[in-house]
Amino acid sequence: MTDNAVKGPAGYFPSIEKKYGRPIAEWKAIIRSSPLTKHMELVGWLKSEHGLGHGHANALVAHTLAEGSAK
């Protein structure tokens with residue numbers, strides 16, 4: 001049997017979209033628009049300002065920052 005499940009931070013994306021009602025692209029745009037740049041600062045900001053849970057915020061920030069460093 002082949003395991004086609006998405007792994008890593010992207011594995012959280014379906015539940016993030018379902019729970020918070022915004023597409024992942026919108027969350028990434030929100031993160032990129034923040035003046036904050038450090039991982040845990042962004043996680044805390046998403047939790048306090050947007051009501052995300054820690055795991056969901058962490059996954060979004062990790063994935064978004066990883067994309068930024070690949071450019």
Side-chain angles (χ1 to χ4, degrees):
M1 180 174 9
T2 306
D3 184 5
N4 290 330
V6 176
K7 301 206 184 323
Y12 284 94
F13 289 178
S15 61
I16 292 169
E17 289 179 331
K18 183 178 180 182
K19 184 168 185 170
Y20 304 105
R22 292 182 183 200
I24 295 306
E26 190 173 329
W27 285 115
K28 289 182 176 188
I30 289 169
I31 291 166
R32 289 186 186 107
S33 72
S34 171
L36 303 172
T37 57
K38 294 185 178 175
H39 183 97
M40 289 310 295
E41 289 175 343
L42 286 161
V43 170
W45 175 71
L46 286 174
K47 290 167 61 176
S48 65
E49 296 298 317
H50 296 281
L52 271 70
H54 182 82
H56 288 161
N58 191 55
L60 283 168
V61 171
H63 201 269
T64 303
L65 292 181
E67 284 181 338
S69 65
K71 292 182 181 176

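Keep in mind that this is a model prediction, so the values were computed, not measured.
Residues His54 and Lys47 bring a donor and an acceptor atom of their side chains to less than 3.5 Å of each other.
Annotation for Ile31 and Val61: closest pair CD1-N, 4.0 Å, computed over non-hydrogen atoms. The two atoms that bring Gly53 and Tyr20 nearest to each other are N-OH, 3.0 Å, heavy atoms only. Listed here is the closest heavy atom pair of Pro9 and Ala62: CG-CB, 4.1 Å. Considering every non-hydrogen atom in both Leu52 and Leu60, the closest pair reads CD2-CD1, 3.4 Å. Residues Phe13 and Ala59 share a closest heavy-atom pair of CE2-O, 4.5 Å.
Between Leu46 and Asn58 the shortest side-chain heavy-atom distance does not fall below 4.5 Å.
Once rounded to the nearest 0.5 Å, the distance linking CG of Leu65 with CZ of Arg32 reads 9.0 Å.
Ring centroids of Trp27 and His56 are separated by 6.0 Å or more, keeping the two rings apart.
Glu26 pairs by the salt bridge (Lys or Arg N to Asp or Glu O under 4.0 Å) definition with Arg22, not counting sequence neighbours. Taking Lys28 as the reference, His63, Glu67 meet the side chain to side chain donor-acceptor pair (under 3.5 Å) condition, with sequence neighbours excluded.
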